[in-house]
Amino acid sequence: MTNKALRKGIARRLTTYMLVLILLITIGGGTMYVFERSLQTNFDQQVQVLDQKSSLSARIQQDTISSIAELRGYLAVGAPAFLDKLNKDRQDWDSSIQSFKALDLTPEDQNYLKTVTGGYDQFFNDIMPSTTQMFQQSSSREDLWKLSQSKNYTQSLDALRQQNLDYMRILHTHMVDLQVEYSRNLDLMALLFALYLILIAVIVGVLAIRLAKDIGRPLHILALSSQQHEDGKLLELPYGNREDEIGFLTRSLHGMIERIQISEQDLIEQNEEVLAQQEELLYSQDELNTTLIKMQQKEAILQAQNALNASLVNTLDRQTLLTSIIQNLQVIQHADKGAIVLLEKDRPHASVGISNQQMKSFLQAGEDGMFARLQTEGRGFIVSREALPTEKGYHDERFELADLYLPIHASTGNVIAVVVLTRMSRSFTEAELEQSHALANQIALSIEKLHTYEATERERQLNQEIIDSIREGIQLFDVQGTLVQVNETWTSWIGECILDRENREVTHRLYDLFEQLVDNSDELCLFVKDALDGRLPEEARLIYQLQQNENTKVIQVYFEKIRNAEGEIVATMLVHRDITREYEVDQMKSEFVSTVSHELRTPLSSVLGFTELMLNKELKPERQLKYLTTIHKEAKRLTQLINDFLDIQRMESGRQSYEMADVDLLPLVQEVVETFAVGTTKHDLQIETHVPSTLARGDSDKLKQVLMNLIGNAVKYSPEGGTVTIGFRATPKHLVVDITDQGLGIPKDALSKLFSKFYRIDNSDRRKIGGTGLGLAICKEIVKAHDGEITVQSELGVGSTFSIHLPREEKRILEPALAEAAATSEQPRLFIIEDDDSLALLLQEEMRDNGFDVTHLRDGEEAVKQIEVHLPDAVVLDIMLKDSISGWEVIDRLKASKATAHIPIFIATALDEKELGLSKGATDFLTKPYQPSKLSNVILQTLLHRKRNGVIMFPEQEDHDQG
């Protein structure tokens with residue numbers, strides 16, 4: 001009866017199986033949970049009891065140790081505080097013993113409690129009272145101290161402490177045993193749980209096999225029967241007599257198959273009717289498609305008209321406007337191709353469907369053809385023509401095209417543009433022509449607006465270029481106080497453009513930038529606001545410092561009110577002028593006055609003081625010599641200061657002369673090193689050479705001046721002594737001299753200003769050393785004149801390295817080569833025009849020794865005549881000639897004649913007029929006094945290098961102060 005009930009429904013059967021399975025899982029899981037919780041609870045309780053016993057035992061142990069220590073302390077010191085602590089320990093013992101008694105005690109625990117109680121009674125009821133009484137009655141502290149240290153005295157408490165330790169070890173052993181037992185119980189529970197899971201898995205497997213047999217197989221057979229019916233085979237369906245869902249499904253499937261067979265014929269007939277209706281729908285769809293295409297064409301035309309109107313109203317770019325016009329006109333007029341041309345210079349245009357070559361031909365032909373006709377007739381017209389071969393494409397048959405030529409008139413009536421539209425195989429109607437004329441009027445208005453905008457834009461751009469060319473920073477504000485224009489100078493200063501020039505809207509960054517870049521930003525912001533509001537007089541000025549990367553600019557700002565013809569204020573212009581140079585010059589002037597005042601007054605005071613002593617007192621010869629030596633030294637110091645100042649002024653003005661020649665720097669360095677080595681005992685001056693040649697092109701005296709300055713600084717700014725190394729090294733293009741010291745070093749922030757005039761590092765150590773601040777500036781100018789560079793590397797407190805980079809010169813023996821070249825050819829003829837007979841004689845001897853045929857002339861007039869007759873190879877000329885024309889006139893007359901214009905002229909005079917001499921055509925300019933050998937060397941080089949062809953060269957001039 002039970003099996004029959006189960007078979008009546010699959011759902012009921014599945015529900016029963018699942019309930020049984022859930023019940024088994026619930027019972028097994030609940031049992032395992034209860035067992036596990038029981039084990040855990042029992043374990044936790046036992047652990048808690050052991051923890052309490054262990055804690056109380058530890059407290060008793062601590063109280064025992066504390067009591068012994070405090071009793072001994074009382075006997076040793078006698079302080080009542082120890083008795084107070086003993087009483088407190090007694091209370092702690094009482095509390096611990098009472099807590100221990102409240103626990104569930106084993107025989108072991110009771111024995112331990114008995115021992116503790118006995119020790120407590122013995123200590124507090126016997127030992128402690130007797131000891132206190134003994135302490136109060138005894139007069140010997142030493143006996144009490146020995147008593148407190150006696151082992152017998154605390155033997156009972158020590159035994160109690162040991163029993164405490166033994167009991168604590170027993171508790172620890174019980175705790176370990178308890179954990180082992182708990183672990184064994186957990187392993188047993190895990191094994192039972194695994195067996196239980198295996199049982200559940202077996203039950204689930206049996207249920208799955210039973211379900212597959214009762215449900216899966218029948219469903220599979222029914223699926224196969226359905227597939228056979230789809231293939232046209234009708235078979236008897238099994239399981240029709242079952243009373244469950246499988247039987248119901250079998251009977252329903254059988255009935256459905258029968259109904260399908262009955263309805264199949266009806267469906268065939270209905271399908272034929274549907275096919276007929278479909279043909280009617282296709283015909284209607286064709287008509288709808290035709291209507292839709294027409295609507296889409298009209299929509300495209302409307303969209304093109306809207307796009308054309310939008311571009312005519314909004315577009316201000318010429319090419320974009322022309323392209324939009326022709327593209328939208330092509331759609332509106334259904335043209336196949338077209339073009340629009342502006343009748344301006346260069347014929348701006350845009351086209352659709354026309355190649356560049358075709359457009360070029362159209363423009364050339366239209367100048368004298370259709371363009372002229374449109375300007376004459378003033379109205380559009382249509383031209384019908386046969387399609388050209390290039391327009392037929394792949395068509396072979398003949399067909400015609402229609403070209404619509406449409407003029408665009410300005411408001412003045414002139415034709416300003418031409419539109420051409422082309423249709424293939426169809427022409428334009430009168431209505432379409434009228435529509436084109438209406439569109440032409442709209443296009444004309446847009447083109448005129450474009451011309452107005454372009455003119456305005458050109459004017460605006462011109463104004464912008466004008467203010468951009470101004471070196472001052474310009475800001476233009478309107479009457480509402482809005483920034484509307486700035487120039488490039490201002491933008492470059494602040495590092496960004498805070499004005500969007502397309503829409504003229506300020507990004508509200510102006511005052512933020514002031515706060516970021518300006519030191520006194522609050523003052524500057526207030527100045528700008530007051531200037532815009534008219535609260536400042538127009539002569540108001542403000543100076544602020546603008547931080548630009550690592551540099552600082554000093555800026556002076558003022559404002560101007562811009563007024564219209566009626567005198568109304570229409571704008572405010574702020575002008576920011578860079579006065580950094582003027583500010584630095586003022587600073588340098590102050591520094592210069594201070595430095596010169598100090599450097600001049602100090603030696604002058606010494607000179608005047610020692611001179612006054614020598615004038616007013618009778619001094620011994622040795623003291624006079626000492627004073628004269630001091631006066632001479634201070635006078636040299638004054639002379640050096642004046643020479644430095646004059647040198648830097650000549651160098652900056654370009655009037656410094658240099659005598660360039662091939663110079664071996666090693667002997668120069670050795671000479672300078674010997675000079676400084678005599679005056680110092682704390683410094684070790686070393687020379688290191690790592691190059692095969694130390695030859696360079698330059699002025700020997702000026703290079704020596706550079707070396708004297710740099711090596712002198714290395715010694716001077718190494719007050720504690722150390723090694724000063726002068727090293728030679730080479731790069732592909734330069735000979736480098738490195739001067740390295742172990743002195744004070746230079747701060748990083750001072751390196752960029754180190755070669756400025758009068759600059760001195762603001763440091764007390766260096767101020768004590770003294771100096772004018774001109775030496776390094778002079779060195780920089782001299783090296784720069786040699787096409788070289790001077791650099792510095794330094795670390796504060798470690799030392800500095802100054803490097804001189806000079807162009808390399810291959811080593812060669814100059815003067816013998818020049819002399820040999822002169823000797824192997826015909827003797828060069830030299831005219832010396834000089835009114836000083838002694839100097840002329842000296843020059844004649846020097847030149848003859850170098851192979852010249854020399855002629856001396858005193859009169860300038862006579863010299864010009866002789867030169868025109870004999871045509872010498874070179875002329876040495878003095879400017880100041882007594883009782884004669886000046887040397888300037890001699891040069892002018894020689895250079896004016898074709899016969900003598902090519903002759904090299906070497907000016908040798910006491911005047912410092914090098915620029916004038918070279919401008920008149922002199923080959924070189926030497927200032928007296930000079931060495932005759934240098935003059936002969938320059939002349940020989942000129943003749944040798946130019947092969948005596950008369951080409952004028954411009955070698956560097958020597959420093960006349962150095963001789």
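- None of Gln62, Gln52, Met168 except one satisfies the side-chain contact (heavy atoms from CB on, under 4.5 Å) rule with Ser57; the exception is Met168.
- Judged by distance alone, the side chain of Ser718 and the main-chain N or O of Gly721 form no donor-acceptor pair under 3.5 Å.
- With sequence neighbours left out, the salt bridge (Lys or Arg N to Asp or Glu O under 4.0 Å) criterion links Arg729 to Asp738.
- A heavy-atom distance below 4.5 Å is found between the side chains of Gln179 and Phe43.
- A search for salt bridge (Lys or Arg N to Asp or Glu O under 4.0 Å) contacts involving Asp166 returns Arg169, not counting sequence neighbours.
- The side chain to side chain contact (heavy atoms under 4.5 Å, CB included) check on Leu275 picks up Asn271, Gln278, with sequence neighbours excluded.
- A donor-acceptor contact shorter than 3.5 Å links the side chain of Lys682 to the backbone of Pro719.
- Listed by chain and residue number, Thr740 satisfy the side chain to side chain donor-acceptor pair (under 3.5 Å) test with Thr801 (two or more places apart in sequence, or in another chain).
- Sorted by first and then second residue, the side-chain hydrogen bond (donor to acceptor under 3.5 Å, both in side chains) pairs with a member in residues 182-201 read Gln40-Tyr182; sequence neighbours excluded.
- Of the possible donor and acceptor atoms, one in the side chain of Ser99 sits under 3.5 Å from a partner among the backbone N and O of Ser95.
- Thr106 meets the side chain to side chain donor-acceptor pair (under 3.5 Å) test with Asp109; sequence neighbours excluded.
- Shown here for Ser803 and Val736, the closest heavy-atom pair between the two residues is CB-CG1, 4.1 Å.
- Listed by chain and number, the residues in a ring pair (Phe, Tyr, Trp, His ring centres under 6.0 Å) with Tyr112 are Phe100, Tyr167 (sequence neighbours excluded).
- Residues satisfying the side chain to side chain donor-acceptor pair (under 3.5 Å) criterion with His683, sequence neighbours excluded, are Thr680.
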Item to complete: Output, in order, the C-alpha distance, side-chain angles, deciding distance and verdict of side-chain contact (heavy atoms from CB on, under 4.5 Å) for Leu21 and Val204.
Response: CA-CA 8 Å; Leu21 185 60; Val204 170; 3.6 Å; yes
Quiz: residues 22-37 side-chain donor-acceptor pairs under 3.5 angstrom, not counting sequence neighbours:
| unit_1 | atom_1 | unit_2 | atom_2 | d |
| --- | --- | --- | --- | --- |
| Thr26 | OG1 | Ile22 | O | 2.7 |
| Thr31 | OG1 | Ile27 | O | 2.8 |

Worksheet item: Hey, mind stepping through Gln742 and Val798 against side-chain contact (heavy atoms from CB on, under 4.5 Å) and telling me if it holds?
Response: CA-CA 6 Å; Gln742 298 174 342; Val798 177; over 6 Å; no
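- The closest side-chain heavy-atom distance from Glu688 to Phe728 is not below 4.5 Å.
- Contact between Met175 and Asp51 at its shortest, heavy atoms only, is CE-OD1, 3.4 Å.
- Asn42 meets the side chain to side chain donor-acceptor pair (under 3.5 Å) test with Gln46; sequence neighbours excluded.
- For the side chain to side chain contact (heavy atoms under 4.5 Å, CB included) test, residues two or more places apart in sequence or in another chain that qualify with Thr552 are Gln545, Gln547.
- Between atom OH of residue Tyr544 and atom CG of residue Leu524 there is a gap of 5.5 Å, rounded to the nearest 0.5 Å.
- The side-chain heavy atoms of Ile746 and Leu796, taken from C-beta on, include no pair separated by under 4.5 Å.
- Leu517 contributes atom CG, which lies 5.5 Å from atom CG of Leu546 (distance to the nearest 0.5 angstrom).
- Rounding to the nearest 0.5 Å places CG of Leu19 at 6.5 Å from OG1 of Thr15.
- Distance OG1/Thr173 to CG/Leu50: 10.5 Å, rounded to 0.5 Å.
- Here the CD atom belonging to Gln110 is positioned 8.0 Å from the CG atom belonging to Leu113, to the nearest 0.5 angstrom.
- Summarising the geometry, atom CD1 belonging to Ile97 is positioned 11.0 Å from atom CZ belonging to Arg59; distances are rounded to the nearest 0.5 Å.
- Scanning all heavy atoms of the two residues, the minimum distance from Ser794 to Ser800 falls at OG-OG, 2.7 Å.
- Between Asp741 and Tyr717 there is no side-chain heavy-atom pair separated by less than 4.5 Å.
- No side-chain donor-acceptor contact under 3.5 Å links Gln686 to the backbone of Thr725.
- Contact annotation: the side chain of Val518 approaches that of Asn520 to within less than 4.5 Å [non-hydrogen atoms, C-beta and beyond].
- For Asp92, the salt bridge (Lys or Arg N to Asp or Glu O under 4.0 Å) partners at least two apart in sequence or on another chain are Lys88.
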